[in-house]
Each structure stands twice: as structure tokens, then as C-alpha cells.
Amino acid sequence: MFHVSFRYIFGIPPLILVLLPVTSSDCDIEGQDGKEYESVLMISIDELLDSMKEIGSNCLNNESNFFKKHLCDDNKEGTFLYRAARKLKQFRKMNNSDDFDHHLSIVSQGTLKLLNCTSKVKGRKPSSLGEAQPTKNLEENKLLKEQRKQNGLCFLKRLLQKIKTCWNKILRGTKEH
Amino acid sequence: MTILGTAFGMVFYLLQVVSGESGYAQNGDLEDAELDDYSFSCYSQLEVNGSHHSLTCAFDDPDINNTNLEFEICGALLEINCLNFSKLQEVYYIKTKKFLLIGDSEICVKLGEKSVTCKKMNIVKIVKPEAPFNVSVIYREGANDFVVTFNTSHLQKKYVKNLMHDVAYHQEKDENNWMHVNLSSTKLTLLQRKLQDDAMYEIKVRSIPYSSDYFEGFWSEWSPSYHFRTPETKRAEKMDPVLLTISISSFFSVALLVILACVLWKRRIKPIVWPSLPDHKKTLEQLCKKPRKNLNVSFNPESFLDCQIHKVDGIQSRDETEGFLQEAFPPQPEESEKQRLGGGVQGPSWPPEHIVITPETFRGQSPLECLAGNGSTCDAPILPSPGSSESGKNGPRVYQGLLLSPGTTNNLLPPPFPLQSGNLTLNPIAQGQPILTSLGPSPEEAYVTMSSFYQNQ
């Protein structure tokens, strides 16, 4: 009997301490009542998706690694939004129109403004979109660039849709509570 | 040690107090003065020029010397940390797309590089909408109301879309008595009956963001005023001619109906609505409506004044009766209403020399009683019979009764019993006594029953 209580006293609490970060959220979300999202962020997301209506038919169906690694799981919505918002920033300087960049900035910076994440989440740098590989001639390089841009826009569209879905999930959860 | 510590403490305390009164006092005064003098207020206007927003700030004190003063906003900006205001006389403003519209910003008044005063503000909570425009008022004669419409640029905006509008109107001669109506749409209906007739009105509109919305702020500027005049009330004169015609004709119809009802009430309407019960006297009069010219028909008792009235006791022989009948006596004066036979004899008329005869079977019973209405005791109606006999009568005996014309046989019923040359006794009766009357049936006379009285002709 003595050894059983010893195990419970000295075994389980450390286990809880180890598992606690796994289950807890790394990011606190402000504006869960949805006012900031519905009045500002959603307007910009819809503007961006409207401008990318034509993109989608040429996109590949395979899921990007980013979405395989980062999901809008329960208690992980804040982390996902943080990573997605930081990814959005990378698309700002891709020869887009001013309005396009403007709305991208609103979505990324507005989302980051509403998140209060720990240094653990903040510390990891987002992966780059990919570098242009050296090619033999200019035409191939040009084609590759075009392809990359297309892939990038496909990814961006997918990313914006995921951000919208995750926000809706957060707000639904708030209304249920 | 204790004394030394106390001494040091007192010195430091005195230093603080003295420094507060002298050196820093000036700065303190200046700071107080700056806080009072450099207070300012700001408002924002979103999407005022395409996707550009504006932020306008001004000092509350208009007399302030703002020569070296600048405004700066930091925080809640896109891709930059701070922005400087532009100066236009007494007002500082910024026109930019770089407002994040999420989170607080800090607006500071700067004197050179030094911040004189700062205020934390949220751009979305100090929104001042643009003033409405194109206010117009249309009068609808059919509905007797005024439709007020106006336009606002916020209908096409993405952010500040939901506004509350304040419509204010008043009579031009009544300067300070403004009426206010709040609405969220851009159309308002004013009822004519709530406005003065033939008066000049002024109307204007302003807007404010909905307080329950994400965006909040202040009232916009008033729209340009619109002036309109209410029409005169000519309702009494401008009556619809069709309506007028219908009302006049219906009035006359009703009047005509009333007059006709009054005129025809007794003759036509009342007999249908309230039919009168048959009356023996009247029915008999109607039956005798068309008498022969040579007949004097009258039921007036006074006309029988000269007739002799005799009480009948029994039945005499026929011969005696015939003889009696040949002696035409003048009628006796008295008569009562009970001398009527209860039969429906129509239009009969008797010669004045008819005699009333009762059968012997009624001996012992006053024939007057029988004819007076004791119908249960009478087996048969009493009929006059010119051939019936009478016994023991001296004087002329003329009886009052139904006067049957010998020629009328249609409704005359046959006598219930053959008159026999039997026992008929006639007694003279005193004046005033009701008498029996019977009619000598002529061959063409019909048996009169009560039912024939109901045939009003």
C-alpha cells in the first residue's frame, strides 16, 4: 500500500505537468465576440477571395505541407491563426495590386493584433515559400516563376479559406458557450 | 543613530517640499497650463475618399498658439508605427489607408520632439459620418401625406454601413420648435394632418453610427435644408362630384320612401303588416257594399225606429204567418247589436215585412238568447221565412235582422229544417229588448254560415 500511494504522489503530477502544455492553448484570442472579425477582417478576406475567383480551376488538389502540419484543432485555433497570419505576410510583396496588398495587410496584422501568443509559438519562424532554383535558360526560369506564382495564389486562396473557417469555428464555439 | 536618522529624514523631507514650491513649481505650473491649454478632440471619417480614411484633430481652445505644435498618431497602423498630421490653419488632419481599424492608437501633441500631451483613442469609436444630401419632400394627394427621402454616401461603404438618421423639421415662422424623427432607413412619411395647412416648413437630416455596432462616434453635420409648403385644406369644396350626386339622390330617395310610407300606411301597408281581425259589423257592411239602388241598407239602429218589434213565443201556422207578413208594419225604434245572425250571408236584403220565426223545439228558451250568441244551445241558425206561421199576433210584426235580397242565392244556405206548418208562436216584445231575427229562406237563398263572413270583398 505504501508503494501505491508513492506512485500516485510522485508519478502522476509530473505527468500532468508534462501534458499540460500539449493540451493548453498557446495563444489567447481577443475579440471572440466576433465584432472585429465581422466588421474588419471578414471584409478584407472576402475582398481577397473575390479577386481570386478565377484562381482555383488550375490549382492542384494535393494538400500543402503547411496544412498538414498546422490544423485548426480544438484549443489550437489561436496557434493556427498565428501561423497563418504570419504566412500571409509573405505574399505581400509578390507584385500584387495596392488594394490586394492592403487587404492582405489588414488580415495578417489584424489577426496578429487579436492574438496574444506565448514566446514558444512566436519563436518559430515561418517556412519560406520556396526559392527559385537556378535554371539553365531565361524561358524556363520565367515559366517556373509563373508556375510558382500560380501555386502561390492557389496556396493563398486555400490559406484564406482556412483562416475564415477557423474564425467561424471560434465564433461558433463562443456562441455555444 | 536614531537621532541621526531622524535628522536625515527631516532634511530630505524639507528638500522635497522646498523643491516642490520653487524649482519644479514652474514646470508644474507649465504642465498644468499645458494640460488645460492643449486639450484636443478628434474624429475619424472612414472611406471618405475611396478606400482612404481621414482623422481630424483640433484644440478645444481656439485661441491657443499652435505655431510649433504638431500632432502624431502611433499604434493600430498598417506596416508603420507612427504617422504625422498635416496642419490646416487651426485643424490637424491625416488622410491615409493605413488605419488598421483594430485596437487603440495614441495621439500626441508634440512640441518639437517632446510630447506635450497624449490621448489614447480607438479610431473606430470616434467615427463622424458624412452628412446626408439630396433631401426632398413629395406631397401625395391621394394619401394626404408627405414622403421625405434623402441620400447618404454610407450606403455604398464597406465598414460604416449602418447609421441612425435624425430628421428634423419645423415651421419657418416657429424658429425653435423643431420636431425630430429617428429612423434607420432613408425614407420617411409625414402625415398631412400632423402639419399645419398652408404653412412653410424647413427640414434637414443628420446621421450617427449605430451604438450597438462595432463603429461608434458622433453626429454628422446637418444636410442642406429643404423647404416646402403644405397645401390648403379644401376638403369641403373639393368633394367628388360622383359622391355628391350619389349622396343627394340617396337623400331624396329616403325622403320619398318616408312620404310614401306615411301616405300609404293606413291603406296598404298596415293591412299587410298588421292585418285586422274580422269584425262582424264591418264584414256585413262590406258584404252589403253594392246594394241595389232601390234598397235602403242600414244597420243603424235609428233607422229601425219605426219598426214594431215583437217577441216570438212559438210557432204559428203558416197561413197565419203569411197573413201576418202581408201586414207591413213600420219598424220599431229600438235595436241592439245582438240582433245579428251569425251567418256569412252576403249581400242580402230583406223586404221590410219579414218575420222572425222560431221553431217549437226552442220553446222554453228565449229565442233572443239563442240568437244573442248562445250558439251551443242552438242547433240551427234561425232563418227568416216569409211562409212561416205565427200565432196570436195582432199587430204588425216586423223584425229587424239580416236583410237578404231575394235574388241572392249563391251564399245562402238551405234552411236546416223544413218549416212545418206547426207551432210557431210569436210574442210581441217590448221596445228595447233584443229580438230574434230570422230570414225567410227563398229558394235561391243559400245557407249562411260563419265562414262566409270572412270573405271580405
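In the text below, chain A, chain B and the rest are named by the order of the sequence lines, each starting its count at 1. Note that this is a predicted model, so its numbers are computed, not measured.
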Quick one: pull up CG in Asp213(B) and OG in Ser39(A) and give me the separation to the nearest 0.5 Å. 6.0 Å
Starting at CD1 of Ile102(B), measure out to CD of Glu36(A) and round the result to the nearest 0.5 Å. 6.0 Å
Can you say whether Ile106(A) sits under 4.5 Å from chain B via the side chain, the backbone, both, or neither, judging by heavy atoms? both
Rounded to the nearest 0.5 Å, what's the gap from CG on Asp101(A) to CG on Leu78(B)? Could you check? 11.5 Å
Less than 4.5 Å to any heavy atom of chain B: does that hold for the side chain of Ser44(A), its backbone, both, or neither? side chain
Tell me whether Lys89(A) at atom NZ has more than 12 heavy atoms from other residues, nucleotides or ligands lying less than 6.0 Å away. no
Is there a donor-acceptor contact under 3.5 Å from the side chain of Gln109(A) to the main chain of Leu77(B)? yes
Drop me the distance from Leu41(A)'s CG to Leu101(B)'s CG, to the nearest 0.5 angstrom. 10.0 Å
Output the distance between atom CD1 (Ile43(A)) and atom NZ (Lys161(B)), rounded to the nearest 0.5 Å. 5.5 Å
Examine whether an atom of Phe215(B) lies under 4.5 Å from a heavy atom of chain A, and if so say whether it belongs to the side chain, the backbone or both; otherwise answer neither. side chain
Does Lys97(B) come within less than 4.0 Å of Asp99(A), counting only side-chain N to carboxylate O? yes
Quick check on Glu47(A) against chain B: is it the side chain, the backbone, both or neither that has a heavy atom closer than 4.5 Å? side chain
Can you say whether Leu46(B) sits under 4.5 Å from chain A via the side chain, the backbone, both, or neither, judging by heavy atoms? neither
Lys113(A), part contacting chain B, at a heavy-atom distance under 4.5 Å: side chain
Over 12 foreign heavy atoms within 6.0 Å of CD, Gln89(B): no
